[in-house]
Amino acid sequence: MKADPERNVHPFAPVFDSASRVLIVGTFPSVISRRRNFYYGNPRNRFYQVLAALFHAPVPGGVEAKKQFLLDHHIAVFDVLESCVIRGSSDASIREACPNDFSPIFNGAEIACTFANGRTAQQLCERYVTPAVYLPSTSPANASYSLERLIDAWSVIVPYLEG
């Protein structure tokens with residue numbers, strides 16, 4: 001029997017600085033990400049593999065290295081939801097959604113484009129925050145996308161980061 005979903009509060013701050021040009025949003029941190037206290041903490045999530053491939057760089061390890069990698073490549077990362085009722089890590093189970101405040105990012109960086117890591121992130125971002133370009137989810141639950149296919153799809157962010 002599955003446990004009843006519970007209200008969770010987003011446990012960590014956004015990653016951005018004044019040089020950030022692209023904002024990538026997720027829905028809400030997975031159980032593993034909440035435990036590891038950083039974005040895309042599940043080792044099976046391909047988020048950092050995809051970005052490393054786009055920039056021909058090694059995959060960063062550890063929270064500080066991941067933060068620095070994102071900032072070095074002018075990428076801001078945050079999740080749409082500040083809190084929600086969620087069963088495990090299932091976006092499909094999200095209820096009672098409460099959005100995060102994105103004004104520090106939009107006021108502190110010149111974001112050229114917002115991208116959503118997955119369809120639910122896009123829908124929630126457009127409902128609560130701003131229009132967002134859909135990117136296929138890097139989650140291990142998105143088994144229909146190979147790493148190569150994800151890299152190809154995510155390559156649309158690169159032009160926003162050049163120049």
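Keep in mind that what you see is a predicted model, and the values were worked out from it rather than measured.
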- request: Ignoring hydrogens and angles, state whether a donor on the side chain of Ser93 or Asp91 is under 3.5 Å from an acceptor on the partner side chain.
  value: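 No pair is found: no donor N or O on one side chain lies under 3.5 Å from an acceptor on the other.
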message: Can you confirm whether the side chains of Gln49 and Arg46 place a donor and an acceptor under 3.5 Å from each other?
response: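 Distance-only check fails for Gln49 and Arg46.
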Look up atom [atom1] in [X] and atom [atom2] in [Y], then write down how far apart they are to the nearest 0.5 Å.
| X | Y | atom1 | atom2 | value |
| --- | --- | --- | --- | --- |
| Arg149 | Ser144 | CZ | OG | 5.5 Å |
| Glu82 | Asn8 | CD | CG | 11.0 Å |
| Leu54 | Leu150 | CG | CG | 10.0 Å |
| Asn45 | Asn142 | CG | CG | 10.0 Å |
| His74 | Glu110 | NE2 | CD | 12.0 Å |
| His73 | Leu51 | NE2 | CG | 8.5 Å |

Are side-chain heavy atoms of [X] and [Y] found at a separation under 4.5 Å?
| X | Y | value |
| --- | --- | --- |
| Val129 | Leu124 | no |
| Asn117 | Leu135 | no |
| Phe102 | Tyr128 | no |
| Phe47 | Ile24 | yes |
| Val85 | Ile94 | no |
| His10 | Ser83 | no |
| Leu23 | Cys113 | no |
| Pro136 | Trp154 | yes |

message: On a heavy-atom basis, which atom in Pro29 and which in Arg34 lie closest, and how many Å separate them?
response: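 Here Pro29 and Arg34 meet closest at O-NH1, 2.7 Å.
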For Phe78 against Ala13, the heavy-atom pair lying closest together: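 In this case the closest contact between Phe78 and Ala13 is CE1-C, 4.3 Å.
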Any donor-acceptor pair under 3.5 Å linking the side chain of [X] with the backbone of [Y]?
| X | Y | result |
| --- | --- | --- |
| Asp79 | Leu81 | no |
| Arg7 | Glu96 | yes |
| Gln122 | Ala116 | no |
| Asp17 | Ser20 | yes |
| Asn107 | Ser103 | yes |
| Ser33 | Gly41 | yes |
| Arg36 | Val31 | no |

- request: Show your reasoning for whether ring-ring contact (aromatic ring centres under 6.0 Å, His included) applies to Tyr134 and Phe115.
  value: CA-CA 6 Å; Tyr134 165 79; Phe115 293 91; over 10 Å; no
- prompt: Do the side chains of Val9 and Phe28 join up, straight or via other hydrophobic residues, at under 4.5 Å, putting them in one cluster?
  reply: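 Different clusters.
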field: ILVMFWY network linking Val77 to Ile32, side-chain heavy atoms under 4.5 angstrom
entry: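 No, separate clusters.
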- prompt: Going through the distances and angles, do Leu161 and Ile75 end up as a side chain to side chain contact (heavy atoms under 4.5 Å, CB included)?
  reply: CA-CA 8 Å; Leu161 299 167; Ile75 297 170; 4.0 Å; yes
- request: List the steps, then state whether side chain to side chain contact (heavy atoms under 4.5 Å, CB included) holds for Val25 with Thr130.
  value: CA-CA 11 Å; Val25 298; Thr130 191; over 6 Å; no
- request: Determine, step by step, whether Lys66 and Tyr40 satisfy the side chain to side chain contact (heavy atoms under 4.5 Å, CB included) criterion, reporting the C-alpha distance in whole Å, the side-chain angles of both residues, the deciding distance to 0.1 Å, and the verdict.
  value: CA-CA 10 Å; Lys66 289 174 180 177; Tyr40 308 103; over 6 Å; no
message: Counting the benzene-type ring for Trp, do Phe12 and Tyr39 have ring centres under 6.0 Å apart?
response: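 When the ring centroids of Phe12 and Tyr39 are compared, they turn out to be within the sub-6.0 Å range.
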- request: List the steps, then state whether side chain to side chain contact (heavy atoms under 4.5 Å, CB included) holds for Thr114 with Cys125.
  value: CA-CA 9 Å; Thr114 300; Cys125 188; 4.1 Å; yes
